[in-house]
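Okay, structure first, notes after.
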2 protein chains.
Amino acid sequence: MEDVAARAGVSRALVSLVMRGSPKVGRERREAVLEAARELGYRPNMMARGLAAGRTGIVGVLLADLHDPWCAAVHDGLADEAPRGDVRLLVSTGRGRPARESAALDDLLDLRPDGVVLVGPRVPAADIDRAAAGCPVAVAGRSVRSGRVDCVTGDDAAAVAHAVEQLKALGHRVIACLDVGPRPSSLRRACEAAGLTTVAGADELPASATAVLALGDTTGTAALTALLRAGRRVPEDVSLVVHGDPPGALSAQVTTVAAPAAELGRLAMAALLDRIRDGVSAEPRRVTVPPRLDERATTAPVRR
Amino acid sequence: MEDVAARAGVSRALVSLVMRGSPKVGRERREAVLEAARELGYRPNMMARGLAAGRTGIVGVLLADLHDPWCAAVHDGLADEAPRGDVRLLVSTGRGRPARESAALDDLLDLRPDGVVLVGPRVPAADIDRAAAGCPVAVAGRSVRSGRVDCVTGDDAAAVAHAVEQLKALGHRVIACLDVGPRPSSLRRACEAAGLTTVAGADELPASATAVLALGDTTGTAALTALLRAGRRVPEDVSLVVHGDPPGALSAQVTTVAAPAAELGRLAMAALLDRIRDGVSAEPRRVTVPPRLDERATTAPVRR
DNA sequence: TTGAAAGCGCTAACAT
DNA sequence: ATGTTAGCGCTTTCAA
């Protein structure tokens, strides 16, 4: 910094102001400083800055699983909203394992971020609450009972209900639910409540069903290929709705129903930024995002 | 730190040693310190530590696109290898746009990481080289001409050749290539060299083709559904090979060919850790990972 | 716009 | 195992 100041013929303090983008520096000197910095390849040291300033300008993002396209979509929303707060996003992940996720969360907290967003976390609620004691925390995609974290969630029951409603409107009466792997219990309950017969394998889909609701992105792909391979045309013989944002949903033209993931991200980041500004004191927000059904090429009226 | 020391009845220096996991502290005192830290909710401040120690223990990972399952797979490899170097991974992303990717890279560099891994970067080579001037850099999935970065890449030409070879061995003579969206030119050239007819839309696949090579993960899904929807059975009528790691490839049982992405990650991290140890001086490594063909349910001998 | 001074929380080197 | 002493690169405050 001293070198830059010397080269630009100004004081160290002025360089500091310029690098922080302070408005009260004349354009003449400002440009001289920026030029000198560029020539010298100077970049402010975030560690030192964070230490001195007491804030880092970092928002830590804990993604449950990098392989999950839903997490990526939520991150998009976070990144869209982040510029409003002048923060940079840094991502860490537990790779689907709760234990590693705890460690990853600790790593983030060690950085003293200005705030943390947990995306689809699988860590115990106690861990989340403890984290929230030290810095602002927002959670997307899971409801956490805590007096100090903001939660933004989709409404699984509403999504299932919405899908079933739509399929019934198309005349479908026998609707099967394909549910592979671990799913939030709320989803499972919603399916039961809607009176769906649930199967755990794509090959077990009952022949009598004229419509299928697949839970999850990859499950949807599996269902589609299994149906087609079994010689059942989609949507002529069977309609398919996928809960989630299937990778390639657009190119595959699959009808989907879900809370828009990016919207979850946007709202979570908005809540977090507010909390960063207003201090941890604020009332915790609990936002529920309604599902959206994107009708594409895999749904049609039932054949008579 | 002072509070912890007081509470544990030891010196501040000892607390520092314990928190860094130094081996030369008796188990008695060590546990007293850890206990006191836990009770007080003390966590070492990485900013301060990084500033004082001159190293941060952070390896920055720049992922080209969180939506790309290939990136996720590479990250898995990086994370597998990282513990060997006692570093934590922090991810940033340019969300597919080169300009943002540059900014994301700058954000990472500002943290003064011990090293940086670029996964499938789309930034100009000059940016990469400049970054490498300041700290160890490894690149996965792209070959960069620079005297100081380690590159680990797959061999696209070999992958295409391998797939074609295998399809020919199955008796296929008319092989089409489905290539949607922007692809590395090396891949494109490899396809031409193999004499494939390339089409840009899943619906344009020629009826004469008995085999299809789809470039890219989602492209593969699109190809599969397009074929099935067109009433062409897979693999009875048409064989399908996908270049990449399709999401849900296992459940969809799609035959794939590609350099194992996780392996790329592992090798990139290994190279980076070595470079971190040995200084920037070391000869840059250029590793090429051979493709692997995973024959699953979408390929079969041609029908006579 | 400048200069000086204090300090952020920690590590490292040293002598004890 | 302990104290002590510097100092990492920056921000902040204050007076000039």
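In what follows, chains are A, B, ... by sequence order, proteins preceding strands, each numbered from 1.
Residues A:Asp274 and A:Arg84 are paired through a salt bridge, judged by an N-O separation under 4.0 Å between the basic side chain and the carboxylate. Salt bridge A:Arg49/B:Asp110: absent, no basic N to carboxylate O contact under 4.0 Å. Between A:Asp80 and B:Arg95 a salt bridge is recorded (basic side-chain N to carboxylate O distance below 4.0 Å).
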Sub-3.5 Å pairs of nitrogen or oxygen atoms, protein against nucleotides 12-16 of chain C:
unit_1 : atom_1 : unit_2  : atom_2 : d
C:dA12 : OP2    : B:Arg20 : NH1    : 2.5

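Rounded to whole Å, the distance from CG on B:Asn45 to C1' on D:dC8 is 13 Å. Look at CZ on B:Arg112: it is 12 Å from C1' on D:dC8, rounded to the nearest Å. The nearest whole Å value for the distance from the CD atom in A:Glu2 to the C1' atom in C:dA4 is 12 Å. With rounding to whole Å, A:Arg43 atom CZ is found 16 Å from D:dG9 atom P. The CE-P distance, from B:Met1 to D:dG3, rounds to 14 Å in whole Å. In this entry the distance linking CG of B:Leu51 with C1' of C:dG7 reads 12 Å, nearest Å. Atom CG in B:Asp110 sits roughly 12 Å away from atom P in D:dT11 (whole-Å rounding). Distance OH (B:Tyr42) to C1' (C:dC10): 7 Å, rounded to an integer number of Å.
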Pair B:Asp127-B:Ser102, side chain to side chain donor-acceptor pair (under 3.5 Å): steps then yes or no: CA-CA 8 Å; B:Asp127 286 18; B:Ser102 276; 2.8 Å; yes
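As judged by a 4.0 angstrom heavy-atom cut-off over every strand, A:Gly50 is placed among residues making no nucleic acid contact.
Evaluated for a side-chain contact (heavy atoms from CB on, under 4.5 Å) with A:Thr56, the options A:Leu51, A:Asp114, A:Leu90 yield exactly one hit, A:Asp114. Checked against A:Leu62 for a side-chain contact (heavy atoms from CB on, under 4.5 Å), the options A:Ile128, A:Leu118, A:Val139 give a single hit: A:Leu118.
A sub-4.0 Å separation between OP1 or OP2 of C:dT2 and a side-chain N or O of A:Arg29 is present.
No side-chain donor-acceptor contact under 3.5 Å links B:Ser16 and B:Arg12.
Two residues, A:Met47 and B:Gly9, neighbour DNA chain D, and the one matched to the more 5' nucleotide by heavy-atom proximity is B:Gly9.
Side-chain proximity of A:Ser11 to the nucleotides C:dG9, D:dC10, C:dT2 is greatest for C:dT2.
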